[in-house]
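Heads up, the thing below is written out as structure tokens.
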Protein chains: 2
Amino acid sequence: MSNQRLDAIDIRILARLQADGRITNQQLADAVGLSPSPCLRRVRQLEESGIIQGYVGLVDPAAVGLGVTAFVRIRLEQQDDTRLSLFEAAVADFPEVMECYLMTGEADYQLRVLVGSLSEFEDFLRHKLTKVAGVSQVTTSFALRPVVYKTALPVG
Amino acid sequence: MSNQRLDAIDIRILARLQADGRITNQQLADAVGLSPSPCLRRVRQLEESGIIQGYVGLVDPAAVGLGVTAFVRIRLEQQDDTRLSLFEAAVADFPEVMECYLMTGEADYQLRVLVGSLSEFEDFLRHKLTKVAGVSQVTTSFALRPVVYKTALPVG
DNA sequence: CGATTTTTTGGCAGAATCTGCCAATACTCT
DNA sequence: AGAGTATTGGCAGATTCTGCCAAAAAATCG
């Protein structure tokens, strides 16, 4: 999990793995111009150093009945460390919360919430989010449609 | 890319693959209580039907110098189909734009933008985003810190 | 510059995994 | 119960993985 200098080959490895997390080591080695052995070693190093955080399968939300994306901006009553930690622990446990950021500006936090329907969202608001200690103001906007969703960072 | 009924085993397969996109088929089969062969067949079907959209490696943004997350809300001058399509095509080509949603409410679009520094963000705003035809109002909030970032949908 | 150390690479080989095929099992519907 | 359909498990050749070691490349230092 420490610093590490990334050379041109590492960058290409990252680009490839971001595009296809199941590429075989042989294909990857071929793509970046190495033989399998040093290629695998580089990948392992990138994994162990935390630069590669993991590999995941991506599932179509609509296919599993999760068609509603909501963005929720939240103000807390107070912003001391304890309140922030409490709130963060709470949202981290909500399966509906896909993203959460501590923010500058009007809101303290912004959430991206994924649910199956508006009534599920209401349940989430009424029974979960507003029950968290310290939550003062909640503002919701809904996504009509996703336009771009990427996980691959621009590298190279 | 068509509809498909998901049974309990499929759900468990999806959960596992969302948690570890490089799990071997044998481990996966074991975890869901099948032998490798039918397990692989189910995975292939989920892939071909588009329920599994793909597999990706996740890279730490800070490790590649991308430490600034900005949320940008955008109003267009007009909201006819042509303008929307034009805007969407433009943002899809910006490597900085990780997410974009067509929104209800005040803003027409909301973007999550990932850059290395505030000056890079200014470049993005001045030379890219505001140059897109039809963009009228742009409001930015910055993330101080990511709290939750998940790709795994709640299934199971 | 040349010699030494350090780092990185490529090839090898046994182990593990993949994956298509086929017979056996389980399920469905009348 | 029985016919038909769908799903499963086992098998085996092909592919891939992955640790080890010697060779090559790069970096360091006198």
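Bear in mind that the values here come from a model prediction, so they are computed numbers and not experimental data. Order of the sequence lines fixes the chain letters, A, B, ..., with proteins taken first and strands second; residue numbering starts at 1 for each chain.
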- Message: I need the residues from residues 26-37 of chain A with at least one non-hydrogen atom less than 4.0 Å from DNA chain D; give them sorted by number, or say none.
- Response: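 By residue number: A:Gln26, A:Ser37.
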- Task: Check each residue of residues 10-19 of chain A for a non-hydrogen atom within less than 4.0 Å of any atom in DNA chain D, then write out the ones that pass by number, or none.
- Result: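 Under 4.0 Å from DNA chain D: no residue of residues 10-19 of chain A.
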Could you state the atom-to-atom distance from [atom1] of [X] to [atom2] of [N] in whole Å?
X: B:Ile9; N: D:dA6; atom1: CD1; atom2: C1'; result: 13 Å
X: A:Ile23; N: C:dC18; atom1: CD1; atom2: P; result: 16 Å
X: B:Glu48; N: C:dT19; atom1: CD; atom2: P; result: 12 Å
X: B:Arg5; N: C:dC27; atom1: CZ; atom2: P; result: 16 Å
X: B:Asp7; N: D:dT8; atom1: CG; atom2: P; result: 8 Å
X: B:Gln45; N: D:dT7; atom1: CD; atom2: C1'; result: 10 Å
X: B:Arg44; N: C:dC21; atom1: CZ; atom2: C1'; result: 16 Å
X: B:Asn25; N: D:dT15; atom1: CG; atom2: C1'; result: 14 Å

- Does a side-chain N-to-carboxylate-O contact under 4.0 Å join A:Glu106 and A:Arg75?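 Judged by the 4.0 Å cut-off on N to carboxylate O distance, A:Glu106 and A:Arg75 do not form a salt bridge.
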Would you compute the distance between atom [atom1] of [X] and atom [atom2] of [Y] and round it to the nearest 0.5 angstrom?
X: A:Leu40; Y: A:Ile13; atom1: CG; atom2: CD1; result: 9.5 Å
X: A:Gln78; Y: A:Arg83; atom1: CD; atom2: CZ; result: 4.5 Å
X: B:Ile74; Y: B:Met103; atom1: CD1; atom2: CE; result: 11.5 Å

- Item | Proximal nucleotide (of D:dT8, C:dT19, D:dC17) relative to the B:Arg41 side chain |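 Side chain of B:Arg41 sits closest to D:dT8.
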- Query: What nucleotide, of C:dT17, D:dT8, C:dT9, holds the atom closest to the side chain of B:Thr24?
  - Reply: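 Nearest to the side chain of B:Thr24 among the choices is C:dT17.
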- Who else is in B:Leu86's hydrophobic cluster (ILVMFWY, side-chain heavy atoms under 4.5 Å, direct or via others)?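 Listed partners: none, B:Leu86 stands alone.
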- Task: Let me know which of A:Phe71, A:Phe142, A:Tyr149 forms a ring-ring contact (aromatic ring centres under 6.0 Å, His included) with B:Tyr101.
- Result: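 Option passing the ring-ring contact (aromatic ring centres under 6.0 Å, His included) with B:Tyr101: A:Phe71.
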- Task: Decide yes or no on salt bridge (charged side-chain N to carboxylate O under 4.0 Å, His left out) for A:Glu88 and B:Arg145, but give the supporting numbers first.
- Result: CA-CA 11 Å; A:Glu88 293 179 13; B:Arg145 175 166 53 82; 2.7 Å; yes
- Task: Please test B:Arg42 against B:Asp7 for salt bridge (charged side-chain N to carboxylate O under 4.0 Å, His left out), starting from the C-alpha separation and ending with a verdict.
- Result: CA-CA 11 Å; B:Arg42 279 168 181 262; B:Asp7 64 14; 3.0 Å; yes
- Query: A:Arg44 side chain to A:Cys39 main-chain N or O, any donor-acceptor pair under 3.5 Å?
  - Reply: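 No; zero donor-acceptor contacts below 3.5 Å.
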